[in-house]
There are 2 protein chains.
Amino acid sequence: MFTLSEENYLKAIYHLELDSDKGISTNAIAEQLETKASSVSDMIKKLSDKKVVVYKKYKGVKLTDLGKKTAANIVRKHRLWEVFLVEKLNFSWDEVHDVAEQLEHIKSPKLINQLDALLGFPTHDPHGDPIPDKNGNLKTIDKSLLSTLSKNESGVCIGVDDSSSEFLRFLDKKGITLGNKITVLEKEDFDDSLSILIEGKQLSISNKIANNLYIKKI
Amino acid sequence: MFTLSEENYLKAIYHLELDSDKGISTNAIAEQLETKASSVSDMIKKLSDKKVVVYKKYKGVKLTDLGKKTAANIVRKHRLWEVFLVEKLNFSWDEVHDVAEQLEHIKSPKLINQLDALLGFPTHDPHGDPIPDKNGNLKTIDKSLLSTLSKNESGVCIGVDDSSSEFLRFLDKKGITLGNKITVLEKEDFDDSLSILIEGKQLSISNKIANNLYIKKI
DNA sequence: TCTAATTTTTAGACTTGTCTAAAAATTTAT
DNA sequence: ATAAATTTTTAGACAAGTCTAAAAATTAGA
Ligand SMILES: [Mn+2]
Ligand SMILES: [Mn+2]
Ligand SMILES: [Mn+2]
Ligand SMILES: [Mn+2]
């Protein structure tokens with residue numbers, strides 16, 4: 001149905017659309033995929049021919065319903081495989097992404113349904129990102145950045161914005177794990193750094209970290 | 001390291017070498033991969049450049065040690081994934097091959113080592129074929145075709161020669177499963193058909209079937 | 001509005017992998 | 001040994017995907 005390359009473009013557009021309701025520009029896609037605008041321009045024609053995007057010239061592309069469903073299914077596979085790697089194969093959360101980038105392109109509906117069942121129908125991947133359902137529906141969860149919490153407010157750590165290996169390993173080193181309860185003890189006006197209470201311990205957190213950690217306010 | 005296409009050629013040559021100690025001909029490879037001799041000729045140059053085959057002109061190719069190890073690792077991955085699909089995802093043995101053809105190309109040593117462990121370090125795939133170890137060593141097992149058994153001889157069913165979906169489903173329908181003990185009750189000279197005793201039941205088996213079932217004599 | 005900066009597309013080239021058709025080399029048969 | 005049949009290689013073309021460089025369209029600025 002779709003080539004590996006087409007799937008990667010669809011996924012990129014899908015992710016970009018989550019942050020924008022306007023058409024996705026050629027340049028934005030090129031940046032996301034670390035490729036050139038001319039290559040994107042070529043691919044847009046192919047995707048348009050295949051009815052997965054609509055293109056209004058110089059206004060960017062938008063996914064059609066078919067495009068959205070196709071892209072969501074790739075994201076679904078990516079995240080289910082990440083759960084599998086962590087839960088069944090003892091990968092840590094900073095090791096799974098590159099392997100999932102490969103596994104997401106395996107074509108077998110039965111495989112992914114059975115994997116879903118084996119994993120107990122998980123709703124989120126190891127980084128706290130929601131797993132689209134079979135129909136491509138994504139439930140958006142009510143999340144805030146840790147940096148938006150005020151003094152004495154609390155939340156449960158539910159996800160990361162930056163899911164680079166570097167950031168994830170940094171969180172590991174600090175002992176910050178999804179599910180942990182965090183309370184803001186102090187907020188420095190000077191550099192927006194935080195003093196937080198997490199799992200009974202006190203920690204100092206820079207603004208950069210607080211801007212990349214999602215919490216659910218409680 | 002190797003492209004998907006290069007990996008498929010290596011695997012094809014590896015399988016062909018198991019049945020022949022001579023160089024593998026261009027035509028034999030073309031037939032195995034359902035492609036054209038000219039394409040094979042092109043690819044042999046690439047593989048030769050990459051030091052995974054040696055080519056003596058008009059004498060066919062042979063895998064180098066590096067080539068053998070690389071090919072065996074692909075076969076190892078293919079067979080481990082087949083075990084996974086059957087043991088963990090409830091696939092039947094006739095459904096696994098095509099998915100394994102895709103999964104065998106996933107690149108992650110950790111993935112395959114952990115999968116091996118999850119599966120309990122299996123030695124054979126669902127069709128009775130041996131799984132190469134981490135160093136690419138394949139233990140050849142002592143197996144005979146059911147058709148070579150004489151009247152009143154017995155064996156345990158340990159593998160299939162033809163592993164097409166059609167044959168595997170036929171075996172399912174007849175109730176023949178790996179591990180079953182088979183005794184030859186009668187052998188017809190006329191058409192070489194067999195009357196066998198399997199799991200307490202009597203069955204009539206054509207020569208075609210008996211020529212595609214491996215047993216271990218007991 | 002008219003020019004400048006930016007974005008996007010096109011033109012042309014290159015790589016990988018494939019194919020058909022034809023040429024060349026080898027093997028087999030007489 | 002020579003011709004015939006077979007195998008293998010080469011030549012040339014094509015599709016997918018990418019790139020650089022240049023042209024065209026759009027948007028922004030004065
Ligand atoms: Mn990921
Ligand atoms: Mn991908
Ligand atoms: Mn197989
Ligand atoms: Mn393959």
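The sequence lines fix the lettering, A, B, ..., with proteins before strands; numbering per chain opens at 1.
C:dC19 atom C1' lies 15 Å from atom CG of B:Leu33, rounded to whole Å. A:Glu31 places its CD atom 12 Å from the P atom of C:dT8, with the value rounded to the nearest Å. One interatomic measurement links the two molecules: CD1 of B:Ile24 to P of D:dT8, which rounds to 11 Å at whole-angstrom precision. For the pair B:Phe2 CZ and C:dT16 C1', the interatomic distance rounds to 16 Å; values are reported in whole Å.
A donor and an acceptor atom, one from each side chain of B:Ser164 and B:Asp162, are located under 3.5 Å apart.
With respect to the salt-bridge test (charged N to carboxylate O, under 4.0 angstrom), the residues B:Glu101 and B:Lys11 qualify.
Contact annotation: A:Asn27 side-chain N/O to C:dT6 OP1/OP2 distance is not under 4.0 Å.
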### Query
Does the pair A:Glu6 and A:Lys50 meet the rule for a salt bridge (Lys or Arg N to Asp or Glu O under 4.0 Å), with working shown?
CA-CA 10 Å; A:Glu6 287 167 346; A:Lys50 290 197 172 184; 3.0 Å; yes

### Task
Evaluate salt bridge (Lys or Arg N to Asp or Glu O under 4.0 Å) for B:Asp116 paired with B:Arg76, printing each intermediate quantity in order.
CA-CA 10 Å; B:Asp116 195 21; B:Arg76 172 173 163 78; 3.1 Å; yes

### Task
Summarise how protein sits on nucleotides 12-27 of chain D as a single string, 5' to 3': B when a protein heavy atom is under 4.0 Å from the base, S for sugar-phosphate-only contact, - for no contact.
-----SBBB----SSS

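The cationic atom of B:Lys110 (NZ for Lys, CZ for Arg) lies less than 6.0 Å from the six-membered ring centre of A:Phe91 and within 45° of the ring axis.
Note on ring orientation: taking the six-membered ring where Trp is involved, the planes of A:Phe170 and A:Phe167 are parallel (angle under 30°, cut-offs 30° and 60°).
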